Amino acid sequence: MRVLLVEDDRMIGDAVHQALKDAAYAVDWVRDGQSAINTLESQTYGLVLLDLGLPKRDGMEVLRSIRGKDNPVPVLVITARDTLEDRIGGLDGGADDYVLKPFEMAELLARMRAVVRRKGGVAGPVLSNGLIFLDPVSKEVTIDAKPTRLSGREFSLLHALMVRPGAILSRADLEDRIYGWNEEVESNAVEFLIHALRKKLGSNAIQNVRGMGWMVSKGN
Ligand code: CA
């Protein structure tokens, strides 16, 4: 499979480039956003590995360019945690998964396989674990093919969990994702939202992992 690596950091780029070649991927490496956009206009790839902080045009612009042209190529964003947290809202419609720096090469390769498998070569904005489908753009949620109306906060909480099914988020993780910095948060607000979501989605939709937090199942 052919991969476009978009990364301006020489050390990371070298390491990823080598690891992908060793894993039998065909890799093209570009070091700025404009080159990425140009390359994607003329070439077809099975996957794009996209850094966000790039010279000339940043990763968000590259992503918008890809999706603006209805290019279905799966996009795996590689970025520092700070950058990701700033931009996660903007990534909703376009990126298929995220890998945070620093990462293990084995993890990156596993994520790449998962994204490609999940997408079957077609990227869409809808998040799913096979049971719940959540559309970040239209805010529609369906479970067992039944549409469900959620409040804004309920949607935000479910969205936080659906970004990575199987990942456990603590109460603090969820508060960070649902509430702004200056908002007062009642101490049991997350539990109330979970309770409300379970009433709407079924008690098994969100699992409690005792002492750690909550998750949605990974599905198939
Ligand atoms: Ca960078």
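Values below: all heavy atoms of this structure, side chains included; hydrogens, waters and symmetry mates excluded. Because the structure is predicted, anything quoted here is derived from the model rather than measured. Counting convention: from 1, in listed order, for ligands and their atoms alike.
A search for side-chain hydrogen bond (donor to acceptor under 3.5 Å, both in side chains) contacts involving K56 returns nothing, not counting sequence neighbours. Checked against side-chain hydrogen bond (donor to acceptor under 3.5 Å, both in side chains), Q43 has the following partners two or more places apart in sequence or in another chain: R2. For Q34, the side-chain hydrogen bond (donor to acceptor under 3.5 Å, both in side chains) partners at least two apart in sequence or on another chain are N38, R57.
Side-chain atoms of D28 never come within 3.5 Å of backbone atoms of L4 as a donor-acceptor pair (strictly under, hydrogens ignored). When atom types are taken as modelled, the side chain of S65 and the backbone of E61 share no donor-acceptor pair closer than 3.5 angstrom. Between the S128 side chain and the I132 main chain, a donor and an acceptor come within less than 3.5 Å of each other.
Around the Ca ion (ligand 1), protein N, O or S atoms at less than 3.0 Å comprise D8 OD1, D51 OD2, G53 O.
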